[in-house]
Peer 1: 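The structure follows.
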Amino acid sequence: DWQALFSVLGCTSFWSTTFNLLAYIGLLTFTAGILYKPRQAQLFFVGGLMVWAFAVYGNNPIFVGAQTIMLLASFMRLRGAQDATAITIFLTAIVLFSMYFRGDIDSSMRWLGAIAAICLAVGVAFAQRLSGNLLFTAGGILMGWFAYVVNSPPFLVLNVIFTIAVLYEIGKSLSVKKSV
């Protein structure tokens, strides 16, 4: 039944359908950044912007915080900032402290989401390196778990597909290193 499938995917009204579709397109765009290195910074930024819009629409502070950090990190990579890694870590700390002091991180499950956000954001800063991909994997798994618990199908799907793409990239890079 199509109606049940759309409901599971979060498409229950005009606006939820619009923002969920935006999230899924953003997911595919962001994930393409993992697989297509020459345009990684652009794909991360464009996909991140779409997913950030969905996060703001959904009003979950963990998703908004995580996507804000990833969007800022992607923007700095896109701009070619020399100190993008240091700035990303600094902005991650500011966003997380802000979320904590506003009371947005108030349970063990939200702490899990915050830790996932840290892994994903710092992963963007170290993208195209094994350490970045390992952080992406940890963040994707943790954020997927968080999305499952809070019943956010777009973020669950996003993180499952994203984590599979990252694991594929890790496997590819390890097989290249073995053959060299």
Side-chain angles (χ1 to χ4, degrees), residues 9-36 39-81 84-85 87-100 102 104-105 109-110 112-127 132 135-163 165-166:
L9 294 175
C11 302
T12 57
S13 70
F14 173 78
W15 288 113
S16 70
T17 301
T18 301
F19 280 98
N20 275 280
L21 288 174
L22 191 64
Y24 290 119
I25 293 168
L27 139 79
L28 295 173
T29 305
F30 196 89
T31 302
I34 292 293
L35 303 173
Y36 187 64
R39 294 276 182 230
Q40 187 176 62
Q42 293 92 337
L43 292 167
F44 277 3
F45 182 73
V46 171
L49 189 59
M50 288 186 248
V51 176
W52 178 82
F54 169 78
V56 170
Y57 167 77
N59 200 28
N60 180 307
I62 298 298
F63 292 137
V64 172
Q67 288 308 128
T68 299
I69 295 165
M70 291 187 70
L71 188 58
L72 292 170
S74 297
F75 180 72
M76 284 183 291
R77 287 202 58 227
L78 182 63
R79 300 279 301 154
T85 301
I87 293 170
T88 298
I89 292 169
F90 178 72
L91 290 174
T92 300
I94 288 174
V95 169
L96 290 171
F97 281 127
S98 170
M99 290 169 59
Y100 178 77
R102 277 194 335 245
D104 295 333
I105 305 174
M109 191 49 57
R110 287 198 170 179
L112 173 77
I115 292 167
I118 293 168
C119 291
L120 292 167
V122 178
V124 170
F126 290 104
L135 287 165
F136 278 153
T137 301
I141 290 168
L142 294 174
M143 194 60 81
W145 183 15
F146 178 76
Y148 173 76
V149 170
V150 301
N151 193 28
S152 179
F155 274 99
L156 176 61
V157 170
L158 173 124
N159 284 288
V160 167
I161 293 172
F162 177 76
T163 303
V166 172

Peer 1: Sub-3.5 Å donor-acceptor pair from the side chain of T92 to the main-chain atoms of T88, do we have one?
Peer 2: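 Confirmed, T92 side chain pairs with T88 backbone.
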Peer 1: What is the minimum heavy-atom distance between G113 and M143, and which atoms define it?
Peer 2: O-CE, 3.5 Å
Peer 1: State, to 0.1 Å, how close L96 and I105 come at their nearest heavy-atom pair, and which atoms those are.
Peer 2: O-CD1, 3.9 Å
Peer 1: Contact between Y57 and L22 at the side-chain level, heavy atoms closer than 4.5 Å - yes or no?
Peer 2: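 Of all side-chain heavy-atom pairs linking L22 with Y57, none is under 4.5 Å.
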Peer 1: My understanding is that only residues two or more places apart in sequence, or in another chain, count here; which of them pass salt bridge (charged side-chain N to carboxylate O under 4.0 Å, His left out) with R39?
Peer 2: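 Counting only residues at least two positions away or on another chain, R39 forms no salt bridge (charged side-chain N to carboxylate O under 4.0 Å, His left out).
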Peer 1: Side-chain contact, heavy-atom cut-off 4.5 Å: W52 with M70?
Peer 2: no
Peer 1: Measure the CE-CD1 distance between M99 and I69 for me, rounded to the nearest 0.5 Å.
Peer 2: 7.0 Å
Peer 1: Just how far is it from atom CG of L27 to atom CG of N20, taken to the nearest 0.5 Å?
Peer 2: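 L27 CG to N20 CG: 11.5 Å, rounded to 0.5 Å.
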Peer 1: Taking all non-hydrogen atoms of both residues, which atom of A66 and which atom of A117 are closest, and how far apart?
Peer 2: CB-CB, 3.5 Å
Peer 1: Is the distance between the ring centroids of F54 and F19 under 6.0 Å?
Peer 2: no
Peer 1: Under 3.5 Å, side chain of R110 to main-chain N/O of D104, donor-acceptor pair present?
Peer 2: yes
Peer 1: Minimum heavy-atom separation for V51 and G26, please, with both atom names.
Peer 2: CG2-C, 3.7 Å
Peer 1: How many angstroms lie between atom OG1 of T31 and atom CG of N159, to the nearest 0.5 angstrom?
Peer 2: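 It is 9.0 Å, given to the nearest 0.5 Å.
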Peer 1: Just how far is it from atom OH of Y24 to atom CG of L158, taken to the nearest 0.5 Å?
Peer 2: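 Y24 atom OH to L158 atom CG measures 9.5 Å (nearest 0.5 Å).
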Peer 1: Indicate the atoms forming the closest heavy-atom contact of L156 with A147, along with that distance.
Peer 2: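 Smallest heavy-atom distance, with atoms named: N-CB, 3.4 Å.
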Peer 1: Give, for atom CE of M50 and atom CZ of F30, the distance between the pair rounded to the nearest 0.5 Å.
Peer 2: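 Rounded to the nearest 0.5 Å, the CE-CZ separation comes to 11.5 Å.
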Peer 1: Quick one: pull up CZ in R77 and CZ in F45 and give me the separation to the nearest 0.5 Å.
Peer 2: 13.0 Å
Peer 1: Answer yes or no: is there a side-chain heavy-atom contact under 4.5 Å between W145 and I141?
Peer 2: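 They are not in side-chain contact.
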